[in-house]
Trainee: 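Before I ask anything, here is the structure I am working with.
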Protein chains: 2
Amino acid sequence: MRAVAGELGVEAMSLYRHVDSKEALLDGVAEQLMGEIEPRGVSSDWAEAVRGFASSVRGLAREHPQAFTLLGMRALASASALQPVEDLLASLRAGGFTPARAVAAYRAVAAFTRGYALSEVAGFALDEGSLGADTLGDRFPTIRALSRHLASEPNQGSFRAGIELIISGLSAERER
Amino acid sequence: MRAVAGELGVEAMSLYRHVDSKEALLDGVAEQLMGEIEPRGVSSDWAEAVRGFASSVRGLAREHPQAFTLLGMRALASASALQPVEDLLASLRAGGFTPARAVAAYRAVAAFTRGYALSEVAGFALDEGSLGADTLGDRFPTIRALSRHLASEPNQGSFRAGIELIISGLSAERER
DNA sequence: ACCTGAACACCGTTCAAGT
DNA sequence: ACCTGAACACCGTTCAAGT
């Protein structure tokens, strides 16, 4: 609070005229962050809407890695934070998903995206350097054998592959 | 630190004999938490290994919701935290995934699981009560229409559905 | 209405000193 | 080797008082 106030050229106590507590202020930051996602409207292609939602959220994480952490364990319910959710759900419904399946699809996409973005911000950190190579070889032969792949930069590819996996699963489900 | 020390019947400064800082202590808690997952060994059924990994991690979140938050933004690399990862990767390799595809599959599963568990701990909070019903109806018609489904308790079903989606996507990919 | 001084009850951490 | 007293430089927050 003191730092924020300092940035505004004011004393810490002044902030309490405008927010109830530090936690409420951080809630506001998180909502503001989600509000940065530019609305895409309802897409006629549900898979494209999934890709758009996911890459928008990941973009937030890359632009504001510190603040993104706040989204990790907060349930947002402000108007600005809900627009992207509305658009995605509407696209899924328009794409032929039943209400129950649209919600399930949304949750799967949101969970993957949130988890991936947080992992990326934290650093995946399974490269060979971060462990004693000896115990690694003995106890974790597979991790050792795959260390080259695990160490590769968390890149666009690995993220895209994940959402395509989910989209592929959703397509299969939709056809049944 | 003062609270932890109190729990141990000791003064706060004593802890610094054993840990470098509060952050290091929290790293230790996170690693201990992951270490609570009982090893399942290498499964001959990769899909079953995916289900086991995912439900183990989610079980952690439900048993220790507060501590689980620590996993949200930490990259773990301790031996105890790596055993479940080793087992899953080994099962995927044994199941016929190439090194690159096994790593991609692991990342997708881990990201979804982490994201879902964190959302569940935070509370999904998209029920009708958490928003002014008026603005909801006007600006977010789809959320409003789906509010009954969105409000439903984050249950076993919604989680299972998500991993089955990923497993289904992985199966399709594996066959290509 | 908005800001501030002074104060309260805390933090994590260091360091010299104790046993 | 392990613990502690005292102290430092901080926190978030309240409240009466200022303009």
Trainee: Once you round it to whole Å, what is the distance between C1' of D:dA6 and CD of B:E11?
Mentor: 12 Å
Trainee: Check the phosphate of D:dT4 against B:S14, side-chain N and O only, distance under 4.0 Å to OP1 or OP2. Yes or no?
Mentor: yes
Trainee: Please check: side-chain N/O of A:R101 versus main-chain N/O of A:L92, any donor-acceptor pairing under 3.5 Å?
Mentor: no
Trainee: Distance check needed: C:dC2 P versus A:M13 CE, whole Å only.
Mentor: 18 Å
Trainee: With both distances under 3.5 angstrom, what nucleotide forms a Watson-Crick or G-U wobble pair with C:dC11?
Mentor: none
Trainee: Using every non-hydrogen atom in the two residues, find where A:H18 and A:S14 come nearest and quote the distance to one decimal.
Mentor: ND1-O, 3.5 Å
Trainee: Whole Å only: how far is the OH atom of A:Y16 from the P atom of C:dC3?
Mentor: 15 Å
Trainee: Please state how far atom CZ in A:R2 lies from atom C1' in D:dC10, giving the value in whole angstrom units.
Mentor: 8 Å
Trainee: Which is more 5' along DNA chain D, the nucleotide nearest A:R17 or the one nearest A:A3? Just name the residue.
Mentor: A:A3
Trainee: Is B:M1 touching bases, backbone alone, or none of the nucleic acid, heavy atoms closer than 4.0 Å?
Mentor: sugar-phosphate
Trainee: Taking only the side-chain nitrogens and oxygens of B:H18, find out if one of them lies under 4.0 Å from OP1 or OP2 of D:dA1.
Mentor: no
Trainee: Do A:S91 and A:R40 come close enough that some side-chain heavy atom pair is under 4.5 Å?
Mentor: no
Trainee: Which whole-number value in Å describes the distance from A:L25 CG to D:dT13 C1'?
Mentor: 14 Å
Trainee: If we call it a pair only when both distances are under 3.5 Å in a Watson-Crick or G-U wobble match, what pairs with D:dA17?
Mentor: none
Trainee: Report the distance from atom NZ of A:K22 to atom C1' of C:dC10, rounded to the nearest whole Å.
Mentor: 13 Å
Trainee: Decide whether A:M73 and B:V121 are clustered together by the hydrophobic rule: side chain heavy atoms of Ile, Leu, Val, Met, Phe, Trp, Tyr closer than 4.5 Å, transitively.
Mentor: no
